[in-house]
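For reference, the structure discussed in these notes is given below.
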Amino acid sequence: MDFFVVNGKIWQGKGRFCQALVVRSGRIAAAGTEEALEQEGRGCMLLDCGGRTVIPGIFDPYGALLEPPPPKGLSDWLEGQLHQLARAGVVAMQWPDWEGNLT
């Protein structure tokens with residue numbers, strides 16, 4: 001999904017900020033003022049930051065495993081789970097206990 005992020009104080013690094021971003025296919029396609037990016041942002045989902053600070057690149061969604069680990073083959077199962085979650089952008093997880101309950 002593509003986003004047009006507006007009305008923000010968006011950190012660009014080295015003490016520089018901009019007001020708006022266009023994000024296409026998960027990557028920043030353009031940064032600048034809302035007016036300068038209006039054409040580029042057409043067709044994107046509009047995200048109004050309400051004047052808040054935005055720091056691109058810091059992404060910490062939270063995920064929980066939906067199934068308990070198997071009694072055998074834990075290493076392969078865990079590797080598959082981690083690859084799947086990493087592809088989805090999840091970087092924090094909740095681990096099940098030995099009975100499969102989420103802790």
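Distance check, rounded to the nearest 0.5 Å: CG of Leu21 to CZ of Phe3 gives 12.0 Å. Note: Gln12 CD to Ile28 CD1 = 8.5 Å, rounded to the nearest 0.5 Å.
Side-chain heavy atoms closer than 4.5 Å link hydrophobic residues (I, L, V, M, F, W, Y) into clusters, and following such links, possibly through other members, connects Val23 to Met45. If you chain together hydrophobic residues whose side chains sit under 4.5 Å apart, Val54 and Val6 never meet in one group.
Contacts of Asp48 classified as salt bridge (charged side-chain N to carboxylate O under 4.0 Å, His left out), with partners at least two apart in sequence or in another chain: none.
The minimum heavy-atom distance between Ala20 and Cys18, with the atom names listed, is O-SG, 3.5 Å.
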Using atom types as modelled, flag every donor-acceptor pair under 3.5 Å from a side chain in residues 34-43 to any protein atom, sequence neighbours excluded.
unit_1	atom_1	unit_2	atom_2	d
Glu34	OE1	Asn7	N	3.3
Gln39	OE1	Arg42	NE	3.0
Gln39	OE1	Arg42	NH2	3.2

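Residue pairs meeting the salt bridge (charged side-chain N to carboxylate O under 4.0 Å, His left out) criterion with at least one member in residues 8-18, sequence neighbours excluded, do not occur.
Counting only heavy atoms from C-beta outward, the side chains of Val22 and Cys44 approach each other to under 4.5 Å. Using a 4.5 Å heavy-atom cutoff, the side chains of Val5 and Ile10 are in contact.
Of the possible polar contacts, one joining the Arg52 side chain to the Cys49 backbone as a donor-acceptor pair under 3.5 Å is found.
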